[in-house]
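Since the structure comes first, as structure tokens, the remarks are kept for the end.
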Amino acid sequence: MEKLHVGLGKNSYDIMIGENFFEEFPKYIGEVYTGKKLFVITDSNVHEIYEEKYKEMFKGFNYSIFVLQAGEKHKHIGIMPSIYSAMVNEGLTRKDMVVAFGGGVVGDIAGFAAASYMRGIGFIQIPTTIVSQVDSSVGGKVGVDLPEGKNLVGAFHQPKLVLIDNYFLNTLTDRYFYDGFGEIVKYGCIYDKNFFDRLVEIVEKVGVSQDDENYIQKLREHLMKYVNELVYRSCEIKKEVVEKDEKESNLRMILNFGHTIGHAIEQFTNYEKYSHGEAISAGMVDITKIGEKKGFTKEGEAVKIAKLLKALNLPTEIEYPKDEIAKIMKRDKKSTNDGINFVILKEIGEVEIMKIGAEEIFE
Ligand code: GLY
């Protein structure tokens with residue numbers, strides 16, 4: 001078991017990372033919460049698989065379970081009143097605790113419910129997907145989508161504790177297993193070339209060709225041997241960035257590498273065609289190709305990034321109408337009247353924020 005401490009003054013918390021330790025959750029929860037009532041928010045997929053485990057995960061607590069419909073398209077503001085009503089009906093007070101048990105959608109909605117109910121109560125993140133382990137469960141960004149755009153309503157509300165048990169990854173479909181590697185590759189690109197190279201080295205060691213019919217399965221088994229190390233370093237990078245800039249005034253923007261185009265692709269395809277990791281994978285390659293074309297990025301980096309993402313079964317080229325994507329990007333939170341803050345790679349391991357117009361980026 002490994003521990004990372006996110007140092008944010010009175011909003012500080014620990015991230016526990018390990019494998020098969022869900023039976024110890026009550027002990028860790030008890031260290032940050034002296035009450036007895038837990039309001040657990042999960043989704044239909046996770047609930048179906050892990051319902052039997054709740055009695056061990058939350059032993060000694062009075063817990064109630066609220067089940068959301070699974071999927072990004074259900075992360076909209078219209079879902080909130082039913083959650084608030086359930087919280088009131090359960091008699092939840094300001095001293096009680098929400099638990100987010102699921103992927104990024106569950107974490108964002110549950111965190112937003114905790115941030116807004118009675119002007120804010122505590123919450124704990126138990127992320128069950130790689131993307132939520134390495135990104136959304138850490139850093140306190142919570143919120144819901146509007147029809148006009150992703151995450152347009154939300155808050156910064158740090159969890160009291162993050163419990164990352166890789167046991168939960170075993171039930172992910174292959175698609176959602178690989179989805180999370182988009183964010184892991186991102187950390188190498190924006191912050192740590194050695195980490196990028198380490199990931200390349202691990203993937204190359206799989207010992208099976210990408211054309212082999214068992215490649216997807218063999219690579220997954222191989223990556224599971226390194227997943228603690230990869231999740232730990234990803235969370236460590238995220239924590240370092242968030243500690244320096246909790247509210248995204250400057251440095252934290254680097255975490256949006258590939259996300260401006262990626263979010264627009266997700267929205268343009270109605271959150272149905274591409275997962276988050278898939279959309280940002282293509283987004284990271286596209287913005288790097290654009291950077292190279294405009295002379296901001298060292299030549300050859302887009303090819304290296306695309307090679308790694310492709311080996312991780314992620315798409316590196318998604319066709320989209322640039323005018324429609326530009327329109328969506330203008331509504332992004334990173335957009336202001338004088339342009340959008342794009343995260344541009346200088347070279348792998350180093351990025352720069354550059355304000356560029358939504359149409360100009362594609363010229
Ligand atoms: N996912 C980007 C951030 O947490 O800032």
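When a ligand or atom number is given, it counts from 1 through the structure's own listing order.
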| field | Between His5 and Asp14: side-chain donor-acceptor atoms closer than 3.5 Å | value | yes
| query | Looking only at heavy atoms, which two atoms of Ala302 and Glu292 are closest? And how far apart? | reply | N-OE2, 2.7 Å
| query | Can the positive tip of Lys36 be found less than 6.0 Å from the middle of the six-membered ring of Phe61, inside 45° of the ring normal? | reply | yes
| task | Using the six-membered ring wherever Trp is involved, compare the ring planes of Phe25 and Phe22 and label them parallel, tilted or perpendicular (cut-offs 30° and 60°). | result | perpendicular
Please list, one pair per line, the donor and acceptor atoms closer than 3.5 Å that link side chains of residues 84-91 to other protein atoms, with sequence neighbours excluded.
from	atom 1	to	atom 2	distance (Å)
Tyr84	OH	Ser116	OG	2.6
Ser85	OG	Pro81	O	3.0
Asn89	ND2	Ser85	O	3.2

Enumerate the pairs of nitrogen or oxygen atoms, one from ligand 1 and one from the protein, separated by less than 3.5 angstrom; state names and distance to 0.1 Å.
from	atom 1	to	atom 2	distance (Å)
ligand 1	1 (N)	Asp135	OD1	3.0
ligand 1	1 (N)	Asp135	OD2	3.2
ligand 1	4 (O)	Lys238	NZ	2.6
ligand 1	4 (O)	Arg252	NH2	2.8
ligand 1	5 (O)	Lys141	NZ	2.9
ligand 1	5 (O)	Arg252	NE	2.7
ligand 1	5 (O)	Arg252	NH2	3.3

| field | Pairwise side-chain contact, His259 with Met284, heavy-atom cut-off 4.5 Å (strictly under) | value | no
